[in-house]
Number of protein chains: 2
Amino acid sequence: MDSMIRQFYEIPGKVVALQPGEYLFHEGDHAKYFYFVRSGQIFITKFAESGRVLSLRLATRGSIIGELPLYEEVPVYIFNAIAQSPSEVYAIEFSTLHSWLEKKPSLAINLLKIIGMHMRKQHSKFRDLVLYGKKGAIYSTLIRFANSYGQEVDGGILITVPLTNQELANYSATARESLNRMLSDLRRQNVIDIRDGLIFIRDIDFLKQEIQCENCGREICNIE
Amino acid sequence: MDSMIRQFYEIPGKVVALQPGEYLFHEGDHAKYFYFVRSGQIFITKFAESGRVLSLRLATRGSIIGELPLYEEVPVYIFNAIAQSPSEVYAIEFSTLHSWLEKKPSLAINLLKIIGMHMRKQHSKFRDLVLYGKKGAIYSTLIRFANSYGQEVDGGILITVPLTNQELANYSATARESLNRMLSDLRRQNVIDIRDGLIFIRDIDFLKQEIQCENCGREICNIE
DNA sequence: TTAGCCGTGTGACTATTATCACTTACACTT
DNA sequence: AAGTGTAAGTGATAATAGTCACACGGCTAA
């Protein structure tokens, strides 16, 4: 992915630094910039009227953010972007990006590739959720976090991002209690474990099998 | 949308005619062509191992199909495309499309716009489903069909596509019986009606309100 | 004209998931 | 060391959705 975004650095823009918890933008804000992440992690979320939070991505180095309103008549962000850790993003104005895309076909093609990949991610998530219910949503979230932020140790995968049960629940649109019970079950079945507050996946194949994983690869099946 | 795809007609390709029920491609097939629909309607579906069918779109004149494997290393269709009515599609080889995209930036930009729109559609569907459960999925499907195939009559909207309960259920990943009960409830509440086997929506605002519709517009909230 | 098929409708039951209310565990402050 | 706050864990119950079984009606082909 890194090779694909390298080209975007040539486009004039500015660097924005964010502290943990700081918003890059809110949903409903007028959208002026297209971003990609240089360092750190950024939560992409959406609020429901009921007060629930739906988490969609955890963007990291190389991820693009705010691409959705790119060619909208009235460009408005439809998600929130909040720094999880100290982060830096590169901000390019839509108008600047537009003119560069017109001049450089290879840039447009790269963006097509990136957005196409996003489509695939979104579809595979949709599939997991819709066909296998909350179990599908939760197992799929674990697999995606493992693919994006997992570190292989002791024959398992340690998810190196600290996440509360509530945060994990937000990724699968599940009640915290339901998520908690599922994690407890998985722990009892020796599929996962908690190590210093981080999730350690002993048997990722079990998770994949349960949701009939199509093994779409780490390029697609991730949370970035 | 039609204006956006006009440009694609300049690219050499071939016309493929389909009879109702005929497959344009199956999921898992090696993907060679990018299509757009000239006439008729095409179901886009996905099969689950359990035998269930998940319906995603009903493509019509101006819709693009098979765009997902565009820049994949091993291009494979991930959905099925089946004609619902006698249809004609225009087929462009990926390799041909690639070279045209490189030569014509405006073509790449148009494709970006179209795919960006698809992303928005997908996100809004995801939201409806995830935040409002099956009710969200079903009401949202009705609204989308109304936006794509609705005809205003008698102060309501008639969905001009004949759909069985099973077909509608496939769009919302719901059991036929559950869908049936929900439709019955809506009928009792005078929100919808059945006219000669077609769904007639009396009170679309009720449906929109129940799923906290963000009024994203017909360009986004449709089933194409 | 009638048997067969298909789609609809519905009751009874089961499974899944959410909600509420509370206890426990742990880190951090004072 | 006690007090406070936050997250985790859990039981009981309610709400939502799926499954199974079957009745009914309309259409069609023999």
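Worth knowing before you read on, the calculation uses all heavy atoms, side chains too, and leaves out hydrogens, waters and symmetry mates. Worth saying up front: this structure is predicted, and the values here are computed from it rather than measured. Just so we're on the same page: letters track the sequence lines, and every chain starts at 1.
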*Strictly under 6.0 Å, is that where the ring centroids of B/F145 and B/Y171 end up?*
yes
*Does any N or O in the side chain of B/T160 come within less than 3.5 Å of the main-chain N or O of B/Y149, such that one atom is a donor and the other an acceptor?*
yes
_Side-chain donor-acceptor contact under 3.5 Å, B/S140 with B/R144_ = yes
*Protein proximity profile, nucleotides 4-13 of chain D - base contact B, sugar-phosphate-only contact S, no contact -, cut-off 4.0 Å on heavy atoms*: ----BBBBB-
*What nucleic acid atoms does A/A137 come within less than 4.0 Å of, heavy atoms only: base, sugar-phosphate, or nothing?*
nothing
_Return the CG to CG distance between A/L142 and A/L168, rounded to the nearest 0.5 Å._
6.0 Å
*Which distance, rounded to the nearest 0.5 Å, do you find between the CD1 of A/I211 and the CG of A/D128?*
4.0 Å
*Any chance you could measure A/L112, atom CG, to B/E67, atom CD, to the nearest 0.5 Å?*
10.5 Å
_Closest non-hydrogen atom pair, A/T174 against A/L179_ = CG2-N, 3.8 Å
_Could you tell me the boundaries of the chain B footprint on DNA chain C, defined by atoms under 4.0 Å from its heavy atoms?_
C/dT8 to C/dA12
_Measuring from atom CZ of B/F200 to atom CZ of B/R187, what distance do you get when rounded to the nearest 0.5 angstrom?_
14.0 Å
_Integer-rounded Å distance: D/dA15 P and A/K134 NZ_ = 18 Å
